[in-house]
Amino acid sequence: MTTIAPDARMAGVARTYPPRAAVVSWIFFDWAAQPYFTLITTFVFAPYFATAIAPNPAAGQSLWGFAMAAAGLAIALLSPVLGAIADASGRRKPWIAGFGTVLVLASCTLWIGKPGDHAVIPLMLTAVALASVGAEFATLFNNAMMPTLVPPERIGRLSGTGWATGYIGGIVSLIIVLGLLAANPETGRTLLGVTPLFGLDPLIRQGDRAAGPLTALWFIIFVTPMFLFTPDYPAKRPLGEALREGLSELKQSIKSLPRQKSLAAFLLANMIYTDGLVSLFAFGGIYAAGTFGWHTIQIGTFGIMLAIAGALGAWFGGKLDDRLGPKRVIAGSLLVLLLSVAAILLVDKDSVLFVKTAPPQAGAALFSSTAERAYLVLGCLIGAAGGPLQAASRTLLIHLAPKDRIAQYFGLFALTGKVTSFIGPLLIGLVTALTASQKAGMAVLVVFFVAGLGLLMRVRD
């Protein structure tokens with residue numbers, strides 16, 4: 001496919017884009033990386049850590065928050081530097097391979113986290129933090145490949161399709177864990193009513209712990225097509241020279257931000273609302289486990305429904321992105337998130353919006369109580385809004401950033417998405433620890449979405 005690149009139209013230079021196989025292979029990176037976020041940080045290992053490894057759910061939520069905060073700070077400090085070096089050196093794939101290896105090794109380590117073994121808590125938190133660093137940095141360099149894959153008018157659809165594909169990958173991986181690996185310790189049966197594969201022992205939660213090695217194997221298999229079929233940027237200069245030039249260009253870019261008011265406002269808005277969204281996803285499963293007493297099967301089923309909503313939202317949001325522009329998609333998504341979080345805070349195990357309801361009963365059907373069903377509906381709204389929000393955000397950055405420094409600005413994008421990312425988990429952890437209330441800890445997220453929406457209004461797309 002040949003078209004005229006926007007920065008080449010004046011010169012009449014045709015821009016050739018790679019074949020469909022290269023684009024599809026790039027999209028599968030999202031499929032490859034998503035199980036880390038679905039299985040480990042949200043629906044399987046995080047709730048398992050909080051309820052089975054940590055002393056109690058509140059302490060588990062607090063410790064998990066501190067670990068994710070540490071990872072977020074490291075990502076924030078290093079993202080712009082690595083992005084600038086990548087722009088100066090040219091290539092993206094070596095960086096993806098390196099940080100993918102970190103993700104794989106750290107994820108495998110989670111297997112040794114046995115229930116009730118408090119001595120392993122520091123190692124588990126370290127492994128989760130390293131896996132987060134690997135996943136986020138690999139994603140940063142994968143995002144920076146987008147402008148060379150499709151014409152500008154199709155960037156929104158590409159981004160939305162990538163996010164939707166990632167959500168579907170998360171669904172499939174979650175079904176594998178819940179249906180074939182993780183069993184209820186009381187019944188010894190998985191969600192599909194079978195005994196776990198490979199002789200995994202439900203009593204010592206081997207099915208939950210298998211989420212780590214499965215994430216690693218999944219990434220290795222499904223990231224391979226990107227390395228084989230998607231073209232990389234050509235190499236420009238040696239690493240040492242790229243380091244010096246990249247840091248110099250990064251310094252100039254940061255100095256120029258006050259003159260690029262829309263870009264600066266967007267990066268600041270992204271910093272705030274991404275912190276809120278990541279914190280919401282990271283603690284949603286833990287919050288449900290503490291509020292309703294859900295275990296892996298209930299939380300995982302909820303996760304499947306959430307991911308389906310996210311996939312549909314991201315796919316539809318990608319179409320709206322190309323038609324209406326990414327800013328409108330982001331604003332609409334933030335409104336849905338804000339209202340949904342506010343409503344969730346008014347749902348308890350025996351009440352919905354101040355109306356008393358029957359609490360969940362032991363041995364009852366899955367999600368049989370009114371409060372649980374209300375939580376499911378609100379969770380699906382959050383999933384449907386979260387997908388378009390993230391997909392449209394990286395599209396808007398491509399619209400606003402200089403084309404010759406795209407990896408650098410994706411580094412700044414990651415910086416603003418992570419520089420305060422420790423604040424959300426830290427505030428949730430601190431408020432939860434001080435009040436011994438998960439609801440009070442989650443309430444701080446309302447502020448993040450309100451502030452992010454206010455700053456977004458200053459962005460001109």
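These values consider heavy atoms only, across backbone and side chains, with no hydrogens, waters or symmetry-generated copies. Numbers here are sequence positions counted from 1.
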Is there a donor-acceptor contact under 3.5 Å from the side chain of T274 to the main chain of M271?
no

Side chains of N143 and T139: does their closest heavy-atom pair fall under 4.5 Å?
yes

Near-ring test W218/W31, centroid separation under 6.0 angstrom:
yes

Shortest non-hydrogen separation from I40 to F45 and the atoms involved
O-CB, 3.6 Å

Electrostatic pair D117:K114 at N-O distance under 4.0 angstrom:
no

Looking only at atom types and distance, does a side-chain atom of T190 sit under 3.5 Å from a main-chain N or O of A182, one as donor and one as acceptor?
no

Nearest heavy-atom neighbours spanning D208 and V44:
O-CG1, 3.7 Å

Could you pull out the closest heavy-atom pair between P115 and R205, with the gap in Å?
CG-CG, 4.1 Å

Of all heavy-atom pairs between G313 and P388, which one has the smallest distance, and what is that distance?
O-CG, 3.0 Å

Spacing of I155 atom CD1 and M146 atom CE [to the nearest 0.5 Å]
4.5 Å

Are any side-chain N or O atoms of Q390 and backbone N or O atoms of G386, one a donor and one an acceptor, separated by less than 3.5 Å?
yes

Distance-only donor-acceptor check, side chains S393 and Y273, under 3.5 Å
yes

If you count the non-hydrogen atoms of other residues, nucleotides and ligands that lie under 6.0 Å from CZ in F66, is the total more than 12?
yes

Could you state the interatomic distance from CD1 (I204) to CG (D201), rounded to the nearest 0.5 Å?
4.5 Å

Using ring pair (Phe, Tyr, Trp, His ring centres under 6.0 Å), reason through F222 and F29 one step at a time and then give a plain yes or no.
CA-CA 7 Å; F222 291 111; F29 175 91; over 10 Å; no

Short side-chain to backbone donor-acceptor contact, T51 and P47, under 3.5 Å:
yes

Say whether, by atom type as modelled, one donor and one acceptor occur between the side chain of Y36 and the main chain of F219 under 3.5 angstrom.
no

Can you tell me if S159 uses its side chain to pair, donor with acceptor, with the backbone of A391 under 3.5 Å?
yes

For residues F99 and A138, report the shortest heavy-atom separation together with the two atoms involved.
CB-N, 3.9 Å

Give a yes-or-no answer on whether the side chains of T395 and D321 include a donor-acceptor pair shorter than 3.5 Å.
yes

Rounded distance (nearest 0.5 Å) linking atom CZ of F37 with atom CG of D30:
9.5 Å

From D275 atom CG to F449 atom CZ, the distance as rounded to the nearest 0.5 Å:
9.0 Å

T187 side-chain N/O to A183 backbone N/O, donor-acceptor pair under 3.5 Å
no

Give the minimum heavy-atom separation between V329 and G317, together with the two atoms involved.
CG2-O, 4.1 Å

Quick one, Q34 and L39 - any side-chain contact, counting heavy atoms below 4.5 Å?
no

Are the side chain of R154 and the backbone of D322 linked by a donor-acceptor contact shorter than 3.5 Å?
no

Residues which pass ring-ring contact (aromatic ring centres under 6.0 Å, His included) with F49, listed by chain and number, not counting sequence neighbours:
W64

So, S25 side chain and M226 main chain: donor-acceptor pair closer than 3.5 Å or not?
no

Short side-chain to backbone donor-acceptor contact, K93 and F227, under 3.5 Å
yes

